[in-house]
Structure formats: structure tokens, C-alpha cells
2 protein chains.
Amino acid sequence: MSRRSGILEFAVLGLLREAPMHGYELRKRLNTSLGIFRAFSYGTLYPCLKTLVANGWLIEEPGSAPEDALAASLAGRRAKIVYRLTAEGKEHFEELLSHTGPDTWEDEHFAARFAFFGQTEREVRVRVLEGRRSRLEERLEKMRASLVRTRERLDDYTLELQRHGMESVEREVRWLNELIESERAGRDQRQPAPESSAQQDNTSGETGGLPRHRGAESSGGTPPGSSTPPDPSDDTAK
Amino acid sequence: MSRRSGILEFAVLGLLREAPMHGYELRKRLNTSLGIFRAFSYGTLYPCLKTLVANGWLIEEPGSAPEDALAASLAGRRAKIVYRLTAEGKEHFEELLSHTGPDTWEDEHFAARFAFFGQTEREVRVRVLEGRRSRLEERLEKMRASLVRTRERLDDYTLELQRHGMESVEREVRWLNELIESERAGRDQRQPAPESSAQQDNTSGETGGLPRHRGAESSGGTPPGSSTPPDPSDDTAK
DNA sequence: CTGACCATGTAATACGTTACATGATTGC
DNA sequence: GCAATCATGTAACGTATTACATGGTCAG
């Protein structure tokens, strides 16, 4: 079945597990917080929500904006629809969370999985990370092979492109190595926990600690501003 | 009009400019040599070829495998169709090569352009590289902004994902900086050349030299082999 | 003579976006 | 009262993939 839409369903379920929301906000969160998978449009999102409701995983309830107490006091003002995860939805999501099939380590799929690692058991996390890594290593293998076969016949630029591509993949492998290592370091016991306590409260770092990184060394030069107009990831559509 | 199919047309024209080929081989080259844009299927390629023929940019000619003299001696053996670029096709491709619009620095589009930099004038190359860079910088800007807005409310994994994403983009910016610099270093004269001599013979390095890189530091560990079946980039489809 | 690979095509289909239609709310 | 933004939805469309249909060639 659906490849990309499966990702959407998964992400929607995951976001709603944290808090009920209406479609509009859902879409924003999908495009910024989880900025990885590029914009889904309403034309995709709303039908998807309907499907999920039809499956009994979500229920629609009328609601005023939940984040604003004053607005809430103005009583059921509009036809806003707030989606809330049902018990079955939660169950289903948890089931999805525990799957570790080969599709799981495909680019966008992997990003989606990773984004909800905070709600995933360590055992599963490691399996997904390892799967992703071996996927990338296969890719590297192919790249190397085709490079050997074709080099010399290729001009400098094609070569450089290939080189850069491979380097990127190698980097990601190293990143995964760090993550896996730090997952294992967290606590390497046999069984992950007394069982059944799948959801610890996920406020923050109960992970065992991700590898240290100091982010955002802004590379100076060339201010943006150049007209690069209608990015679908903009909320400010036309 | 078409976004991705525009890339296909461009790449096909570019490959055929180097040598006539039939569809099957074209597809392989598209997926390996230019391994960047992920597999196009025959269902996309053949119709595309037809369009190009209809536009007068290509002509179909019956031909035996041109790389094998023995096979060629067996006379027109089969209904293989070899596609050859026409004069108009060449002209059209050269026109495409000189375009530097904003779409040009979008991910896959950019990769396609870069892959044919060997046949592109330096002036254009620099413009494309700079465009790409400013595109990425805009993206970084957005990522930073949304990170500032949402940090603290995000768990460690989401944060790490975002961090890693930004780092990748920053890397590519640095890569582009190197390339741009080395383009400029090549020779920084006013006009690129006596005019009209747009196509030097592109056997190899007349570029001025790309930045030095020592490729493929194979990161050890974790052999592949894990079942990752039906990759569309495989030729060995079912 | 069978299976693997070369080679070309098309029809059905799935997927997601664009554009459109609609209307409430808020700030100026 | 007008523009911007919030908010929900749908129908038409383009685009690419899948699966199918077909047949030649070559190795074992």
C-alpha cells in the first residue's frame, strides 16, 4: 500500500498522541517541528484524517482553541474540529512503533520513525538504527561498485558529484554509529524493563544521553534574499 | 509544467549528446552514472523519449549494439532502437544548459545540472552554484528560526534529528563554497573566452582543477547482506 | 530448452498537489 | 469594513509507478 501516506498516518497518530489538535495546526507541526518530510498539503491531510476517523483511531470533537483559556471561555465558537486519539488509535500507534521492517529504514520513513523515538522502546530504536545503517551500507556498496566500473570514463564534475554523494552517506553511517553506541551505553541489560511499561512519561532526557554535539556554526557569506518563491513548505501560500 | 520530467528530458538530452544509445542503456546510465536522481522507470522513460522525438530533438534509428564490433557485423539483428540527438536537439540542450532560473537550484534539478557541468560554461556554472548556495542558506534560515521557536518543547531525539539535518545542509554550503572558489581561481577574466567556442572537447580536466579530495574512507563494521529487497533502482526487477 | 537478461512498450492505477469554494476571526 | 490569517474541505489534474504483454539472445 501507500508509501508516503503511510508516513503521514504514522506522524499524525504520533502527534495526536502528545496532544489533541485540529487539522490546521497538525499540518504546521508536520512541516516545521518534524521539518524532515517535506510539506503535505491539505488535500492530503484532511482525507487522511477522515480515513483515520473511519478506522476508529481518531475521534472528531468540536472544540475551541485549546491553548488559549480566554478564547475557550467564549464557548463553542466555530466549526473547528479537534482530533483526539482513541484507545484503539493509541494501541495501533504503539503497534506501528514496534514494527522494524525493511521499509522502516528508507529515507523519509526513517526520519518519521526517528522523530518519535522518544516514545519508542530502546530495543526497537536500536533495531531501526541498525537497519538504517545496513541500508546505507548497501547503498554505499553499490555506489562504490558503479564508481569502479565507470571511473575514467567520467569527467571531473560527475566524479566530484559522486564523491560528494558517497561522503554524505558515509557521514550518516558515522552518525548512526554514534547513536547506536550511545543507545547501548545507556544501559545494556538483557530485557529492556519489567515489561508492559512501554510509555514512560516523555518530558525529556530519560534516554541515557545522546552524543554531545555543538550545533550551528554559521558559515558566513552570501546573504539569502534572492527570490526563491513558492515553496510548498510555506504556510504563507499565495 | 512538469517538474521531475523536465529533469529526465534534460538528462536524456545530455547523455545522448555524448553518444547515441537505446532506451535500456539510457535508463541504466540514468540510475548509476548519474546515481543521484533516483530511478526512473521505463513507464516514464519511453514516453519521454517519444515526446523528445516528436519535438524533433531526437531521431530513432535501428541499430545493433554500437559498442560491439562483432555484434554489429551480424547486421540489423533486432528491433533495437538507437536514439541520436539531432542538430535541433543539441541546440535545445545548449539552451537548457545556459538557463539559471530559481528552479535550477532545487535538489534533484541541481544534481542534474551539476552532472553536466563538464559541458557548461564557467560563467553559468558559477551562477548555478551560487544560486544553490543561497537556496540552502534560506533553508538554513528557516530551520534555525523554527528551531528557536520550538526548542525546549521538543524531546532529545527530535532535537537531534533537527541538528543533524542542519549540519548536513551546512556541509553542503561549505562544499559549494569550495567549488565556487575553485571555479573563480580557474581563471578570473572578464569574458569567459573568445565567444562562440562554447564546447571545448570534454575529455577531462580542462577545468582549472576541482578542490582536492581523497575519497572513500570506508567506515568499518556491520556487513550489509540484510534483506532489503525490491529497490526500484535495481535493474533486476522481478 | 530453460532461465537470465536484454529490450520495448502500454494500460491501470495510486498518489499528491493545485486550484477552487467557503466562511469565521482578528487587527488595523 | 478590509486584509490577513485561521480553518475546512473537494474536484480536477498531472505525474510517475506497477503490472502486464511481448519477444529476442545467450549461457548452461
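Remark: B/S5 is in phosphate contact with D/dA16, judged by side-chain N or O atoms under 4.0 Å from OP1 or OP2. An OP1 or OP2 oxygen of C/dG16 is reached within less than 4.0 angstrom by no side-chain nitrogen or oxygen of B/R4. For B/Y24, a side-chain nitrogen or oxygen approaches OP1 or OP2 of C/dC6 to under 4.0 Å.
Of the residues in residues 43-53 of chain A, those placing a heavy atom less than 4.0 Å from an atom of DNA chain D are A/G43, A/Y46, A/K50, in numerical order.
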Set out, in order, the CA-CA distance, both residues' side-chain angles and the distance that settles ring pair (Phe, Tyr, Trp, His ring centres under 6.0 Å) for A/F116 and B/Y157, then state yes or no. CA-CA 7 Å; A/F116 293 101; B/Y157 287 107; over 10 Å; no
Please evaluate residues A/L52 and A/L16 with respect to the criterion side chain to side chain contact (heavy atoms under 4.5 Å, CB included), reporting the C-alpha separation (whole Å), side-chain torsions for both, the decisive distance (0.1 Å), and the verdict. CA-CA 12 Å; A/L52 295 178; A/L16 288 180; over 6 Å; no
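When the side-chain hydrogen bond (donor to acceptor under 3.5 Å, both in side chains) test is applied to A/R149, no partner is found at least two apart in sequence or on another chain. By the side-chain contact (heavy atoms from CB on, under 4.5 Å) test, B/R127 is found to be paired with B/T100, B/E123, B/V124, residues two or more places apart in sequence or in another chain being considered.
The side chain of B/I81 approaches C/dG9 more closely than any other nucleotide in the set C/dA7, C/dT17, C/dG9.
Regarding B/I7, its CD1 atom lies at a distance of 9 Å from the P atom of D/dA16, rounded to whole Å. Computed from coordinates, the A/K80 NZ to D/dC6 C1' distance equals 7 Å when rounded to whole Å. Nucleotide C/dC6 holds its P atom 15 Å from the CG atom of B/L26, rounded to whole Å. Rounded to whole Å, atom C1' of C/dA21 lies 15 Å from atom OH of A/Y42. Atom-to-atom, CD of A/E108 to C1' of C/dG16 comes out at 12 Å; the value is rounded to the nearest Å. Atoms CZ (A/R27) and P (C/dT17) sit 9 Å apart, rounded to a whole Å. Summarising the geometry, the separation between OH on A/Y83 and P on D/dA7 is reported as 13 Å, rounded to the nearest angstrom. Protein atom NZ of A/K28 is 11 Å distant from nucleotide atom P of D/dT5, rounded to whole Å.
The backbone N or O of B/T120 sits less than 3.5 Å from a side-chain atom of B/R125, completing a donor-acceptor pair.
We find that B/R17 and B/E94 are joined by a salt bridge, their nearest charged nitrogen and carboxylate oxygen being less than 4.0 Å apart.
For A/W175 and A/F114, the ring centers are positioned less than 6.0 Å apart.
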